[in-house]
Amino acid sequence: MAMPEQSSDRNTRLYHPYQDLQIPIENLYNLPTSPEFLFHEEAAAQRRSWGENLQYYTGSGYLTGAITGAAKGSIEGLRSAEPGDTLKLRINRLLNSSGQTGRRFGNSLGIVGLIFAGLESAMVAGRGTDDLLNCVVAGLGTGVLYKAASGPRSAAVAGAIGGLAAGVAVAGKQLIKRYVPI
């Protein structure tokens with residue numbers, strides 16, 4: 001469909017849908033770059049509440065674990081197929097394996113997210129500030145609490161890994177904010 005060309009004939013004109021608004025067209029699409037809030041209380045809050053944090057970390061942990069576990073279970077289900085299996089039996093084996101592994105991984109990572117959210121919110125409430133140290137200590141505490149039943153050595157290793165992972169995640173987020181224009 002071609003655009004109508006403006007002819008030199010005085011009887012035709014281009015359609016302009018904003019002509020009756022009495023504002024310059026360039027001001028019509030100048031959108032604000034900062035977020036707009038309905039209530040002043042929302043603008044004053046600089047971070048998610050503890051309940052929002054709890055839902056976010058637990059939900060994203062469960063979802064990540066379920067997807068990863070389902071992928072791993074699918075591969076295991078495909079590898080465990082025997083030469084004489086019918087297509088129906090192979091599909092059943094694949095679905096059972098992916099569902100079981102996905103559920104197990106999802107529950108594990110959901111618990112990790114739950115512990116992390118609780119510890120981070122407790123650190124923010126206790127210290128009164130939200131900074132990198134809260135995330136690192138929450139990651140360290142999450143690893144320790146998650147592996148506490150496996151013994152002190154496993155808990156210490158898991159705590160170190162959790163603290164390191166949280167520090168890398170927060171530092172990576174800061175680098176992305178600084179160098180990637182979004």
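In this chain, numbering begins with 1 at the start of the sequence shown.
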Output a table of donor-acceptor pairs, distance under 3.5 Å, between side-chain atoms of residues 61-68 and any protein atom two or more places apart or on a different chain; print 'none' if there are none.
residue: T64; atom: OG1; partner: S60; partner atom: O; Å: 2.8
residue: T68; atom: OG1; partner: T64; partner atom: O; Å: 2.8

Which value, rounded to the nearest 0.5 Å, describes the distance between [X] atom [atom1] and [Y] atom [atom2]?
X    : Y    : atom1 : atom2 : result
N92  : D85  : CG    : CG    : 10.0 Å
K177 : L175 : NZ    : CG    : 11.5 Å
R93  : S74  : CZ    : OG    : 14.0 Å
T142 : I161 : OG1   : CD1   : 13.0 Å
L89  : L94  : CG    : CG    : 11.5 Å

Results of side-chain hydrogen bond (donor to acceptor under 3.5 Å, both in side chains) for [X] - residues two or more places apart only:
X    : value
R90  : none
K72  : E76
N107 : none

Taking it one step at a time, do V136 and L140 satisfy side-chain contact (heavy atoms from CB on, under 4.5 Å)? CA-CA 6 Å; V136 172; L140 183 108; 5.5 Å; no

[X] and [Y]: same hydrophobic cluster, using ILVMFWY side-chain contacts below 4.5 Å?
X    : Y    : answer
Y146 : L54  : yes
V170 : V112 : no
L87  : L95  : yes
L145 : L114 : yes

Please tell me if the side chains of T129 and V124 come closer than 4.5 Å, counting only heavy atoms from C-beta onward. no

Taking all heavy atoms of [X] and all of [Y], pick out the closest pair and write down the distance.
X    : Y    : value
G113 : Y57  : O-CB, 3.5 Å
A166 : G139 : CB-CA, 4.0 Å
S97  : G73  : OG-O, 2.8 Å
A70  : S98  : O-CB, 3.4 Å

R127: what forms a salt bridge (charged side-chain N to carboxylate O under 4.0 Å, His left out) with it, not counting sequence neighbours? D131

Is it the case that the side chain of S80 and the backbone of G77 share a donor-acceptor pair, with hydrogens and angles ignored and the cut-off at 3.5 Å? yes

Residues in side chain to side chain contact (heavy atoms under 4.5 Å, CB included) contact with A138, at least two apart in sequence or another chain: F116, L119, E120

